[in-house]
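Worksheet: one structure, shown below.
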Amino acid sequence: MHIDRERILRMLPHRDPILLVESASVEMAARSGRAQARLNGDTTLFDGLTGCELVNELVLEAAAQSVGLVLGGVAATSGGADERHLLLGFDGVQFEELVASPDQVLDIDIQIKETGAVASSASFRVTQHGRCVAHGSVLVMRGTA
Amino acid sequence: MNRSGTVSVVIDAAAPVFAGHFPQQPILPGVLLIAFARQAISKSLGRPATLRRIVRQRFMQPVLPGSVISVECEAGTVDSDGQRFTCRWRLLDGSLAARAELVVARP
């Protein structure tokens with residue numbers, strides 16, 4: 001299932017300047033997906049900090065948004081209701097290579113590991129130009145749509 | 001030597017990020033708490049801190065515009081990846097907003 005920007009805006013509450021995912025695709029049977037994101041390096045987000053100065057943090061944010069889309073996509077295609085997720089945390093994250101350019105596309109591969117009544121976890125791997133930038137796990141909690 | 005660094009941040013409601021996180025319900029993105037921890041770690045190390053690894057990060061409660069958040073990062077062991085820090089973020093009332101074990105790269 002392909003998720004375009006219009007659908008992303010329906011599935012996620014995030015908006016500019018912090019909506020980082022541009023598109024995604026979900027493989028329902030495999031409970032996995034891939035998203036494309038850009039980090040907006042010149043955009044000031046908080047207290048003078050720009051995307052360039054928050055690269056690793058925004059990689060994590062993009063991974064979390066991607067997990068939300070994959071979880072939402074899997075739920076929607078299996079007849080579930082549209083649901084939002086709240087970020088609970090990260091586990092075992094390793095930052096490998098520095099992001100070459102925040103404004104160039106990052107590919108984010110997501111694999112759902114566990115889905116429970118309250119919380120779900122997924123592993124992520126972020127690459128840019130084929131090089132791994134970061135990988136780890138995201139933990140989210142079900143919220144309200 | 002056991003070192004720690006502390007940073008306090010006023011969460012300015014006018015910050016651009018709140019326009020998108022989220023409209024009509026502004027909440028500080030949890031990942032920005034990690035940035036504040038890096039500032040505290042930089043302060044204790046006396047050099048910029050590059051995040052190498054997150055062993056474990058948990059967000060306990062949302063941080064809202066107008067609040068004040070303090071993060072204390074205490075230096076721990078050193079491994080091949082770098083220096084480990086135990087970080088705790090607290091609101092003004094002392095309640096825990098987040099906690100983490102982070103590893104910062106060697107210089």
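Chain letters run A, B, ... following the sequence lines, proteins first, then strands; residues in each count from 1. Worth saying up front: this structure is predicted, and the values here are computed from it rather than measured.
Heavy-atom pairs under 4.5 Å with chain A were tallied for Arg56(B), Arg52(B), Gln25(B); the largest tally goes to Arg52(B). Each of Arg15(A), Glu53(A), Met141(A) has some count of heavy-atom pairs under 4.5 Å with chain B, and the biggest count is that of Arg15(A). Note on Ala100(B), Ala15(B), Pro16(B), Pro23(B): by heavy-atom pairs under 4.5 Å with chain A, the leading option is Pro16(B).
Remark: the backbone N or O of Ser23(A) is not paired with any side-chain donor or acceptor of Arg7(A) at under 3.5 angstrom. No donor-acceptor distance shorter than 3.5 angstrom exists from the side chain of His2(A) to the backbone of Ser25(A), with no hydrogens or angles considered.
For Ile11(B), the parts lying near chain A are the backbone and the side chain together; criterion is any non-hydrogen pair under 4.5 Å. Contact annotation for Leu12(A): neither backbone nor side-chain heavy atoms come within less than 4.5 Å of a heavy atom of chain B. Residue Asp16(A) touches chain B through its backbone alone, counting heavy-atom pairs closer than 4.5 Å. With a 4.5 Å cut-off on non-hydrogen atoms, Leu60(A) touches chain B through its backbone and its side chain both. Residue Gln61(B): no heavy atom, backbone or side chain, is found under 4.5 Å from chain A. Looking at Val9(B), the atoms closer than 4.5 Å to chain A (heavy atoms on both sides) all sit in the side chain, from C-beta outward.
Side-chain N/O atoms of Ser70(B) and Ser8(B) include a donor and acceptor closer than 3.5 Å. Of the N and O atoms on the side chains of Gln39(B) and Ser42(B), not one donor lies less than 3.5 Å from an acceptor on the other residue.
Separation of the Phe22(B) and His14(A) ring centroids falls under the 6.0 Å cut-off.
A tilted orientation is assigned to the rings of Phe46(A) and Phe36(B), their planes being inclined by 30° to 60°.
No more than 12 heavy atoms of other residues, nucleotides or ligands shown are found within 6.0 angstrom of CD on Glu27(A).
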